[in-house]
Each structure stands twice: as structure tokens, then as C-alpha cells.
> 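Below is the structure I would like to discuss, written out as C-alpha cells.
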Amino acid sequence: MLDKTFEPAEVEATHDRRWEAAGYFKPDPDPTRPPYCIVMPPPNVTGSLHMGHAVDDTLQDTLIRFKRMQGHAVLWQPGMDHAGIATQAVVERQIAPTTRQELGREAFVARIWEWKAQSGGMISQQLHRLGASADWSRDRFTLDEGVSQAVRKVFVQLYREGLIYKDKRLVNWDCQLQTALSDLEVDQTEVDGHLWYLRYPLEDQPGRHIVVATTRPETMLGDSAIAVHPEDERYRALIGRHAVLPLVGRRLPIVADLYSDPEKGSGAVKITPAHDFNDFEVGRRHQLELINILELDGRLNEQVPAAYRGLDRSAARQRVLADLEAAGLIEKIEPIRHVVPFSQRSETPIEPFLSDQWYADAKTLAAEAIRAVEDGRTRFVPRQWENVYFEWMRNIQPWCISRQLWWGHQIPAWYAPDGKVFVALDEAEAQAEATRHYGHAVPLERDPDVLDTWFSSGLWPFSTLGWPEETPELARFYPTSVLVTGFDIIFFWVARMMMLGLKFMGEVPFRDVCIHGLVRDERGQKMSKSKGNVVDPLDLIERYGADALRLTILASTVQGSDIRFGESRVEGYRNFATKLWNAARFCELNGCELVAGFAPGECREVVNRWVLSKLAQAAAETEAALEAYRFNDAAMALYRFAWNEFCDWYLELAKPALAGEDGAARAETQATAAFVLAQLLHLLHPLTPFVTEELWQRRYDAPGGPLIAASWPKLERTLIAPAAEAELDWLIRLVSALRGARNELGVPPGAKLVLQVQDAAAATQDRLTRHQEALGRLARIERIELASGAQAKGALQVVVDEATYLMPLADVIDLDQERQRLERALAKAAAELERFDKKLANPQFLDRAPVEVIEEQRARRAEVLQAHDKLSAALARIAS
RNA sequence: GCGGGCGUAGCUCAGCGGUAGAGCACGGCGUUUACACCGCCGGUGUCGGAGGUUCGAAACCUUCCGCCCGCACCA
């Protein structure tokens, strides 16, 4: 027999192991099954499970289990990402104070692999705890040979087509990690700073100067011009003349350029083409000298006067300011709040830095990726994210794909001694090309840099399926069905997969992109370690069970908004699992077993027809919601059905039949209860796999195998039974009304009352007879009498539809209180009646509203009027 | 500056043209052969403000107010 409560910890691991061992996580090989595929956004290989993963993977697993039950051949492709910068940074910290340069590349990379071996893959184990039914046998890692081969092939082909090229441009340089970053890895952060107004003496005009303003005074050492607006009267006369750069002595031409904004600063702006993105463009327009003053680590190089060489950029700033001050060249200093770019990784300020890097021609690649969303080959859910995607894609910049790291895919480019580059799949091929080019062999040196991690992630939907091999999986599962991810990843990943998928597969990587929000804490704050408000999903799983966590996530996942996560909700859904468990326990205790050949459409008992009708509706709702990625609607539909309909009413109402003498009714009810519970377990399985599987196997001995492999319920629409619903709805209303009245009047809960019924229609009298037992038990009614005359002075009176129900209480009842209760009800009815009357008296309403609406309002008015009159009568009786 | 989102019960949020809802919290009561991780009962809302469209607006439009998030922007 089932225990009183469900203990998730005892069964979760077992089911997970059995499911996987039995091969249910692998796609069904049957070629007639339609394919369904999701590639899991690869988490960082050395990371651990956080709420973001829990959300993302719960949604995916729910879809995967749903589609699997629907009969698709399902592949959920898992994998992990090498997370270049993050992982390398972790290991660099581990070996400190030794630097990676001291260790050497080979030894350092070996250290990272060690770290990966040690901490890598932990997240896969943690995903198992969540119930993630991915095909773990196909687990991939971005640095696996197969995936790496795909990366090389893509690089080579794009290079040969001119879509990858090397260029000397300004990049976002992280001085601490000493690598270039893409625009996306830079955070623009508002900080308090200063605006220094500097005087640059004018050449040949002793005592005169031009004032420029800057927030980064140290960069003046790299200035090569001053720009003014061509129409700025203040400076017009100076155009074409020169100033002298203080501390350095360089001549700076004063040029006219529209970039200069007369409103900003002094209106004249210093131009440092090698250290500012805008200045770079100005420099290009005026053929200005590019003076790089920084070393890779942010210290000043030999391009600056000796006094500043070797100083760190912040020390250099102080020194420059002090020297300018001493020379009387600082006009004024204004405090300013401005935006400074910071590296997401090292959290240090980014320096625009001139260097040779590899770029992908994102603009060209983006064209097709934009079109694919425009014409609906790929669809975002919710739709509004398409605008974000378009906005970014249409303004896309060249994508800097090289990183000065050692952990990642080394760029397949080799240099000859004269600097000529040979891009090839491997060294032998490069060598052959070089030999062909020079007519003899030359020593080649490989480019030391690696590729941006997102470059390999961008290939994920096809590289994991075996590309460039033409594998059966690739043929079967590409394009994948849906990508599920957070909106913060649209640019990083979705965009890149779209570009590269279309380019190399000629087809979009996924049909749908399901975008969900970020997890926040109860107060709406982003979860972060520094705020100390992180919730650990594993901790929640341990305390409440994976099902409870999953249901909480699903019920909170509303399209288009963030998820505020409160622990009390997890507790609530843990309670739901227990409730379900106990419903199953009740069924067990009452001999509700599945009956082979049970035909739900042939049930005769109204209660059974009612619950089947509700079940069919809940199933339809759930299915529609899951198909549309409305996870919260699916969760709520099932929660409501299971708790408020199945448990609260059906099981209560089924009790007499289950314990009764009528063998046929009992058998039908037992079979129905078992059937409904079994169907409910099926419907819930994608959401809460563990408790449903456990109950399925414990209770039904798993006919036909485990629930994970069962078929999704197909319930006939003919099960929807309006007459049964009307009857039971009436019963529920009556019981609730009787309970409410008793409670309000403080009738002792145990007191059994007589129910006198007045004005009941024949149909109602029938119903009363049919549900006599239920009324007795649920509303504590001793017996029902059909009464005609008004005889109830000390009686409670309740109006439901056309009938009035009186419960004589003799002297127990407080007449005054009862009068007040009835008056409140009457007032409410009167107010409602007035609203309807007003509406129905409005000629315009009658003229313009649809007939159905008018009819509906009339019908409702009639109902309210009836209630109103009955309540008046009840009051009159009590007063007499 | 450009774009997007959100303001509904004490809290977290559904609802998005035709009777204002759920969960949690709160209060009262616990009788009913599954469940106290439970049952029953209960209250509260100028649906952010103001206009407009409509027979009818929480919902659609305009505008304002208040929060939030992207993107752009180191003079």
C-alpha cells in the first residue's frame, strides 16, 4: 500500500537510472515516427547548475517528454561548452602567482583539461536530478574532435569565400585577460568620472591655446589631431593650423570634421585614432597618424615620453594630470557621470586597442538570417523578440572572432616567414599549399590565437548531429524543432546559429525559438552571488523534490516576462504532489483498478460522466498550451483539474458508489476513477515525471511499460457532457451555498439538519433524490423534505436557482443574524438586477450588441430576478 | 537618443472587448473511513491617473505618472 506521503528523494534517482538504462532517452529508430529535436544550449563545462539552467532545461524536458509521448522520434541533444575566457580565467587564478606564460602553452592547456576532468560534467549529473531526459549517450563537448573538425571546416570555407578575413582595427581589449572581446562581451556601465579641460598651445601663437575636454587624459599622449566643427565660429579661423601637444611636443593639425559637436565639452575635441572608436574614423578621414601608446597589459609603451613608459594606464592618468597641472594647462575640471565600457569577464575597463584580428563578415551572413525570420521560416515565441533580433541583425558589425587565449579552437591559419597566411584544415594541407605557392617547402608557424567560443556554439545544431559527416541524425533531425533559451542569449547564440546554420546547411537551424525570461528573486532582483540572493536548484530538489521545482518553474513561466521565484511556491507544488499521491492512495484503498476495455463513453453514472467531461477539457487545454509554449497554462489547467475537480469533488462524490451496494455502479466508478487518475498521470508526466512514474508503476503495475514511454492521452470530444456538467455544477453550488450559510450563522459543524425544499422543479426534485447521500455527507443534511407552505420561522434559508432551501434550526438560530445575511444577499442581487435592467433598457445596446450577447444578458437577468424574488420571499417568511 | 516590457486583492501574478480570478499570506471553524504537505468557510480590489473609441473597456487607442530591461552613447 502507498504511504501517506510521497518521498521524492527515495525514487527520483531510481527512475532516472531505469529510464536511461532502458534507452528511453534515445530517439526511437522507427523511421515512420515524425522527428522532434531540441539541442540543449550548452552550459559551461566546468559550471554548476543554477536556476537559469533549471528553468531552461525544465521547459525543454517538458516539451521533449510531451512530444515523446505523442509518438515523435525525439532527440534532445545535450552538450557542454568550453567557455573559453571564463574557464581559462578560472585556471589562471588557480595557478597564480605563476602566469600561464611562465607555464607555457602546452602545460597550461593540460592544466585546463585537468580542471575539466575534475569539475567538468558535474552539470550533466545535476541535470539528471532535474529529470532531464536528454540522450546523454550523445553528449558533446565543443572541443571534441568531431565538433572541432566542423569548426575548422567552417573557418576554412568562410575564409576562402572571403567571409572571414584578417584586419587591423580597433578592438575591445581586456587588459587583464589580454584578449580581444566581441562587442557583446562588453558592458556599458555608468560611472562617476571627471571631464578635464586641457589647454593645447597653438603653434606660433605664444600664449594662445585651444581647449579640449577629455575623460581619459592619459590618452593625450597618443593624440594626433584636434577636430572642430566646420561651422563652429569659435574655431573656424584655426582650421588648417596646428597646436602643440603638451608633454610630448608633437604638432597636431586642427581639422574640420562633423564628428565634433560644438555643444559638447569645449567644442574642440582631441583625436586619438589608435584608442577611440570615433577618433579612429576621424583619423581615417583625415589620414591621421595612428599612435598606439599601450602594451597588451595596459601599460604605456615606448611611443610616449620616457617619464610615462611602463606606467599602468591609471598611474599614467595621475602623472599626466599632475604634469599638466604643473604646467598650468588644466583649464577646469567638471565632475561627470558617463558611460565606460567594462569587460564582462574581468570587470576592468576596456581599452580600444589597435590590433590584428580575425573577423567574420557578419553583415553578409546576416542577410539570409534576417530573411529567414522575416518570411517565417523561423518564428520567435513570443513574437516581440523578433524586433530585438532584427534590430541587432540589421546593424550588425564585423564580428571579431579571434581571442588571445589558449583554451579553445586554435585558428587553422599558418604563416610563412614572409608573413603570408595559409588557411587550411590541417598543417599538412597548409604546408602543401605553401609549397605550391613558393615552389619549395617553407617553415610555417601557426596562428597562436583561438576562436571566440560562440563561433563553435554557432555550429551546435548541426555539428552535434555529426556535420560535416552526412550522418543519419543530421538528415533526420536538422532543422531542429525548437530552441529554448533566455532572451539574453539572442545575440550571442541565436543570431550566430541562424547565420551559420543557413550558410552551411542551407536551412534554418530551428523552426521555433522559444524565449523565456530570467529568474529573479521574490523582489524582482537579479540573482547574483554578490547580492547573496541566489537559490540553489539542487537544494530545492533535495527539500521538495524535482517535480515540485519543475512545476513551480512551469507555473511561473509566463510568456514574455521574467520569473520571480519564491520558495513558498515550491512548497505549494510539493503539496500538490502529495495531494496527487493521496488521491492515488484513495483509489488504491477503494479498489479502483484499470479495467481492460473500459469504454469511458459508455458510463452511466452522472458523476463519472462529469469527471470524464472535465478530464477531456483539461487534456485539451493542456495539449493546446504545450503546443503553444504556454507552460503556465498547462501547469494551471492540470493543477486545477487534479485538485479542485478530481480530488475536491469527484472523489468525494464517488465515495458512496465506491462503498455502496450497487455492484454495477461501484464497478463503473472504480473503473472510471482508475481511468481518470491514469490519464491524469499521463498528462502530468511531462511536467512532473517522477511522482507520476512512481504512481504509475506502483499502482498499475505499468501495463505496457513505464509512463515515460506511454502514449499521450487521446480523449474523445464526445466525453464532454453538458448535461452532467449542469447537474454537478448545480450540486456543487447547492452544497457550497448550504455550507456557507451554516458557517456564517455559526451552526455547529456537527449538527445534522433537515432540508426543506420549496418551489423545486421536477428536475430538481429528481436531482435531490439522486444526490441525497452527497448532500447528507457534504452539507450535513439529515433528510430532505419537499415542503410547500411557508413554515420556517427559525430557519436558515438558501436560494439556488428556482428553489429555496430551508434548514429549520428551532431556537439555535439567531434570527437577526439570519435576516442580515439574507438582506446582504438580497442587496447584492438587487444591485445586479439593476445593472442588467439598465443594460437591457438601453436601446443602443439592443440595437448594436450581437443577439447572442443580448440573449445571454436576458437569461442572466432572469436568473438574478429569480434569486432576488426568492430572497425577498425568504425575508418575508422570516419576518412573519 | 532608439526600441521593448510592466503597473489588477497584503504579496507573486493570470485574465487582454460582454458577471474581476488563482496561488500564497491572513482570519474563523474542523464534522465527513486518501491527504493537517489536509478539509470547509470568509473578506478586501476607484484593474496606475486622465481623456477617447464602443451599446459595453481591466482589456483597444491617445496622453501623463511610476518602475524595469535591451541597444546606442567614454570630449
Side-chain angles (χ1 to χ4, degrees), chain A residues 2 4-6 188 191 193 195-198 212-216 219 227 259-261 264-271 276-279 336 338-341 349-350 352 384-385 387-388 391-392 395 487-488 490-491 517-518 522-524 544 548 555-556 558 560-562 564-566 568-569 571-590 632-633 636 639-640 644 647-648 651-652 655 659 735-736 739-744 746 748-752 776-778 780 832 835-836 839 842-850 852-854 856-857 860 864:
Chain A
L2 297 177
K4 276 196 171 185
T5 53
F6 170 55
Q188 308 289 342
V191 296
L195 189 56
W196 285 276
Y197 287 76
L198 310 180
V212 295
T214 181
T215 55
R216 293 189 301 158
T219 64
Y259 164 67
S260 182
D261 180 352
K264 276 185 180 170
S266 64
V269 56
K270 63 195 248 349
I271 301 297
D276 182 285
F277 288 97
N278 289 311
D279 292 6
I336 184 180
H338 65 142
V339 176
V340 175
I350 287 291
Q384 79 235 25
W385 291 109
N387 292 330
V388 176
E391 174 69 16
W392 191 73
N395 297 303
F487 62 77
D488 51 331
I490 292 177
F491 308 141
L518 264 37
E522 263 173 314
R523 290 197 309 280
Y544 299 107
S556 318
V558 175
S561 51
D562 285 342
R564 289 202 192 193
F565 196 88
S568 67
R569 297 195 69 179
E571 195 180 336
Y573 289 109
R574 185 270 320 266
N575 295 353
F576 174 78
T578 309
K579 186 75 182 175
L580 182 71
W581 183 264
N582 276 289
R585 185 165 184 264
F586 174 82
C587 289
E588 179 181 36
L589 293 168
N590 285 279
N632 63 320
D633 287 344
M636 292 321 292
Y639 183 98
R640 206 164 295 160
N644 303 120
C647 291
D648 285 352
L651 292 183
E652 287 306 326
K655 278 175 182 173
V735 169
S736 301
R739 281 169 171 172
R742 292 176 58 121
N743 223 298
E744 269 184 78
K752 287 215 159 198
R777 196 159 35 87
L778 301 180
R780 299 259 91 192
E832 232 175 315
R835 269 218 314 275
F836 284 121
K839 203 167 189 177
N842 184 347
Q844 280 164 319
F845 173 69
L846 298 173
D847 201 34
R848 305 199 192 180
E852 318 85 81
V853 173
I854 298 174
E856 196 193 326
Q857 301 291 312
R860 286 225 297 267
V864 172

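Letters A, B, ... mirror the listed sequences (proteins, then strands); counts begin at 1.
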> Out of U31(B), C37(B), C74(B), which has the shortest distance to the side chain of Thr5(A)?
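The answer is C37(B), which lies nearest to the side chain.
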
> Should Arg860(A) and Glu832(A) count as an ion pair when the cut-off is N to O under 4.0 Å?
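No, no charged N to carboxylate O under 4.0 Å.
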
> Would you say the side-chain atoms of Thr219(A) and Lys270(A) include a donor-acceptor pair closer than 3.5 Å?
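There is such a pair between these side chains.
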
> Among G18(B), C73(B), A34(B), which nucleotide sits nearest the side chain of Val339(A)?
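Output: C73(B).
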
> Any N or O donor-acceptor pair linking the side chain of Lys579(A) to the base of C35(B) at under 3.5 Å?
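Pair found.
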
> Is the phosphate of A34(B), meaning OP1 or OP2, less than 4.0 Å from a side-chain N or O of Lys655(A)?
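For A34(B), OP1/OP2 do have a side-chain N/O of Lys655(A) under 4.0 Å.
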
> Closest to the Met636(A) side chain: A22(B), C73(B), G30(B)?
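Selected nucleotide (nearest to the side chain): A22(B).
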
> Closest approach to the side chain of Pro341(A), judged atom by atom: which nucleotide of C35(B), C74(B), U33(B) is it?
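Nearest nucleotide to the side chain: C74(B).
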
> Among the nucleotides C29(B), C41(B), U32(B), which one has an atom lying closest to any side-chain atom of Arg777(A)?
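Of the options given, the side chain of Arg777(A) lies nearest U32(B).
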
> Under the ring pair (Phe, Tyr, Trp, His ring centres under 6.0 Å) test against Trp385(A), which residue among Phe491(A), Trp392(A), Phe487(A) passes?
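Of the listed residues Phe491(A), Trp392(A), Phe487(A), the ring pair (Phe, Tyr, Trp, His ring centres under 6.0 Å) partner of Trp385(A) is Phe487(A).
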
> Starting at the 5' end of RNA chain B, which residue's closest nucleotide do you reach first, Asn743(A) or Arg640(A)?
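It is Arg640(A), whose closest nucleotide lies nearer the 5' terminus.
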
> Provide the closest heavy-atom pair for Met636(A) versus Ala555(A) in the form atom of the first, atom of the second, distance.
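Minimum heavy-atom separation between Met636(A) and Ala555(A): SD-CB, 4.2 Å.
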
> Under 3.5 Å, is there an N or O donor on one side and an acceptor on the other linking the side chain of Ser568(A) and the base of C24(B)?
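When only heavy-atom distances are counted, Ser568(A) does not reach the base of C24(B) through any donor-acceptor pair under 3.5 Å.
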
> Any N or O donor-acceptor pair linking the side chain of Arg574(A) to the base of C37(B) at under 3.5 Å?
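Looking at the base of C37(B), it does pair with a donor or acceptor on the side chain of Arg574(A) (distance under 3.5 Å).
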
> Any side-chain N or O of Arg569(A) under 4.0 Å from OP1/OP2 of C24(B)?
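So the side chain of Arg569(A) is outside the cut-off, no N or O lying under 4.0 Å from OP1 or OP2 of C24(B).
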
> Compare side-chain N and O positions of Asn575(A) against OP1 and OP2 of C38(B) and report whether any pair is under 4.0 Å apart.
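Answer yes for this pair, as a side-chain N or O of Asn575(A) is under 4.0 Å from OP1 or OP2.
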
> So which one's nearest nucleotide on RNA chain B is more toward 5', Asn842(A) or Gly750(A)?
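With Gly750(A) and Asn842(A) compared, the 5'-side residue is Gly750(A).
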
